[in-house]
Amino acid sequence: MADKARLRDCKRLALFCFTLVTAWETVSGKIRYSIPEEMHKGSFVGNILKDLGLDLKELSDRGVRIVSTGRTQYFALNLKSGHLITTERTDREQICGQLETCLLHLEVLVEDKVKLFIVDVEITDINDNAPRFQEDELEFRISELAAVATRYSLEEAQDPDVGINSVQGYYLSSNKHFSLDVQTGADGDKYAELVLEKSLDREEQDVHDLTLIATDGGDPVRSGTAQIRVIVLDANDNAPVFSQPVYKVSVLENVPVGSLLLTVNATDPDEAIHSEVTYSLRKMKDKASQIFQVDSKTGEISTVGNLDYEEAASYEMEVQAKDVGDLSARSKVLIRVIDVNDNAPKITIASLFSSVSEDNPPGTLIALLNIRDKDSGENGEVTCSIPGNLPFRLQKSFDNYYSLVTDRPLDRERVSDYNVTIKATDRGAPNLASKTTILVQLSDINDNAPIFNQTSYTLYITENNPRGASFGSLKANDPDSGENARVTYSIPGTQIQEAPLPSSISINSETGALYALRSFDYEQFREIRFQVQAQDGGSPPLSSNVSVTLFILDQNDNSPHILHPSFPTDGSTGVELAPRSSEPGYLVTKVVAVDADSGQNAWLSYQLLRATEPGLFSVGLHSGEIRTARSFVDKDALKQSLVVLVKDNGQPPLSATATVTVVVADSIPEILSDLSSFSAPADPQSSLTLYLVIAVASVSCLFFTFILVLLALRLRRWRNSQLFDSSNVTFSGVPVSQFVGIDGVRAFLHSYSH
């Protein structure tokens, strides 16, 4: 019991020593750790945080993670401590089988630098398996005539451990007839032979029971036993002989189960029952024993399981032929597995940036891909491609890694996202392919200014509009998205003619609707030119301007204004003179009027509304000229009063009236006497006296001069009358109005001098 306790303590000490791992970084960027097998889940492997030169905060900020390509994840990264720990129980024999060195490869990716570190974890062997014989009981039938020193091959013990922990020796229980000879083969494996040391005598002892012990070199030492029963037979002095020492065969990995691979043949020169040979397979690994079998009678070797080149490319075993006398022979069998293209490439996305800004330059990394094919040769050579019409390209980074990068400038306004299909194809026959699709979305930048639907706008509004009336709407579109596409409108100007622009026109900043903040007057200004600015919500914001012309439409809101005859302002009464000898059509005067409106609202027409003698005068419909319609007769009154109506063409029409007084006379005394009767002084007595004094003085002093002047003026008037009849009827051709006041001859002469 003390020995057993001591062994357990030694075992614990050994496990503790194996858990002391080491890590170093090679020049090529590799990190290597070494741990013993059979470590439990969560066991410490190495301080990868320290070996990468990072602190604990950077571990998550830089996106450090493990990119694994194996079938089973044996390790994980503890983000709280930065340690590499185990996630599964590490059984070296299960992971690597009989490989001398057991290495597990994993890749640690630092995403923000897109840097990859190769980590090799070596699983060292511990002596956790005892040697074991495939059969617990071995039986030999040996002829009693067997010669001394005859050797009998014994079954080798199998130990999944490697190195010193594998089978190191064989021992045989004490026996005077047999001894054990342990040999070391060219491959380093030890095998034992049972050697006959003393002749057998069936009559003396027909059965010999022996114990075969196989031990390994571990600490503590483990062992396995098999019972050997030797049955002494009558003479059988010839062992079987194989037709060739080595059998070789090549087979495709996809052959169906039960396929015949080859037939071995051994012959025994003995006769009868001693020549019967049985076949068996020896020195097979555990996996090989589940794949191959031999027909004990015919020697046909066939498959009982599926072959997989990716698991094992070749198998080596021995076939034994034994006769009934337990004389045997062995031959080596080499089976080479030929790879077929039965594995499609596998695409693994190691890193992905699914959102890319549209202003990133060509060569920007989108994704890092790992592409592997478990086949070999051309079957494992992979080519990758993406559709040629996309602005991306694939470039090989290193080993089996490819980078998906941008190939040319991107424009989100043309294409907002891309579905990039990556196809990996091997070179097998027929080739196999796999696909994966990556969605790449483009994030927007503010690279487009708002654009108005029109290059300029022309709008209309009728004058006298109500305040707040809408007279149009503008629309600008921004092809960007989100806040970069939100458009606001404003009017950047400050002044239109005499009025501030902000107090006259406003715009809805969200909809672009324009409103009049005041009532416009066509007669004040007929059009307004201003700019409207559309600005997006980007940073920095972009804007564009458009010219807007607002035309004020006229309304008939102004009556005609009489310019001539105008109401006297000097206290006199204006009259027009017409000679009694005037012919029909004689131009007496012209009514001149204007209308502040425009268009048809300013088209004026004239008509005679009332006259002292109907039919004596006529008025031009569009010219306003007052002419005599017939010659004067004696019964016609000297004073003619005419009322002329001036009307515009608006709807409804507006009008004004002008009163014209025409005096018909041929001589000055007659005119003066008639003018005296027209006066209407506020003080009749004083005014009459004043006028009589002025008249008598004027006639006395200037009688003769007046006669000469009067003749000259009459001659000039007659000449002007001839010119007026032949000229066009325009405002410039109308004679200057003639006014004679009751102030006397001086006013009369002054009027005619003009």
Side-chain angles (χ1 to χ4, degrees), residues 61-63 111-114 351-368 386 389-393 403-420 437-459 470-496 500-517 528-550:
D61 292 345
R62 294 193 173 184
E111 283 193 349
D112 67 333
K113 294 184 178 179
V114 196
S351 180
L352 173 64
F353 301 94
S354 58
S355 181
V356 180
S357 178
E358 63 174 322
D359 63 341
N360 279 342
T364 300
L365 178 66
I366 304 298
L368 183 64
I386 60 174
N389 60 340
L390 299 179
F392 305 99
R393 72 174 187 273
S403 298
L404 178 66
V405 299
T406 57
D407 189 42
R408 55 180 180 267
L410 305 174
D411 189 354
R412 191 206 65 83
E413 286 68 45
R414 294 180 58 193
V415 181
S416 60
D417 55 63
Y418 295 89
N419 283 312
V420 182
T437 300
I438 296 175
L439 175 62
V440 180
Q441 294 179 324
L442 303 186
S443 58
D444 184 48
I445 63 168
N446 192 27
D447 57 346
N448 291 278
I451 300 175
F452 283 94
N453 294 343
Q454 299 176 209
T455 56
S456 62
Y457 288 84
T458 301
L459 304 175
S470 174
F471 58 85
S473 179
L474 311 183
K475 182 64 177 177
N477 297 305
D478 194 317
D480 292 322
S481 66
E483 193 68 17
N484 295 333
R486 185 177 64 84
V487 179
T488 57
Y489 303 90
S490 63
I491 300 175
T494 59
Q495 191 78 16
I496 52 168
L501 184 58
S503 64
S504 301
I505 297 173
S506 70
I507 188 169
N508 188 309
S509 62
E510 299 296 332
T511 64
L514 289 163
Y515 299 93
L517 300 181
I528 302 173
R529 297 180 185 273
F530 58 94
Q531 296 279 324
V532 172
Q533 182 183 79
Q535 179 174 287
D536 59 29
S539 180
L542 300 178
S543 63
S544 61
N545 292 358
V546 70
S547 297
V548 181
T549 302
L550 174 62

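Heads up: numbering here begins at 1 and tracks the sequence. Everything quoted here is computed from the prediction, not taken from an experiment. We use all heavy atoms of the structure for the numbers below, so side chains are in, but hydrogens, waters and symmetry mates are not.
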query: Is there a side-chain contact between S357 and I445 (heavy atoms, below 4.5 Å)?
result: yes
query: Quick check: does any side chain N or O of S547 sit under 3.5 Å from a backbone N or O of S456, one acting as donor and the other as acceptor?
result: no
- line: Nearest heavy-atom approach of Y489 to A476 is OH-N, 3.0 Å
query: Under 3.5 Å, is there a donor-acceptor pair linking the side chains of N448 and D480?
result: yes
- prompt: Any side-chain heavy atom of E413 within less than 4.5 Å of one from D447?
  reply: yes
statement: Tightest non-hydrogen contact, residues Q454 and V546, listed as O-CG2, 3.6 Å
- request: Evaluate the side-chain proximity of N477 to N453: yes if any heavy-atom separation is below 4.5 Å, no if none is.
  value: yes
query: Do the side chains of D407 and P362 get nearer than 4.5 Å, heavy atoms only?
result: no
query: Does some side-chain heavy atom of L514 sit less than 4.5 Å from a side-chain heavy atom of I505?
result: yes
query: Given side chains that start at C-beta, do those of D478 and P450 come closer than 4.5 Å, heavy atoms only?
result: yes
field: Under 3.5 Å: donor-acceptor pair, side chain of S543, backbone of A534
entry: no
Min side-chain heavy-atom separation V356-I366 under 4.5 Å: yes
Note, D536 side chain near N446 side chain (heavy atom, < 4.5 Å): yes
T488 and E510: CA distance, side-chain angles, deciding distance, side chain to side chain donor-acceptor pair (under 3.5 Å) verdict: CA-CA 5 Å; T488 57; E510 299 296 332; over 6 Å; no
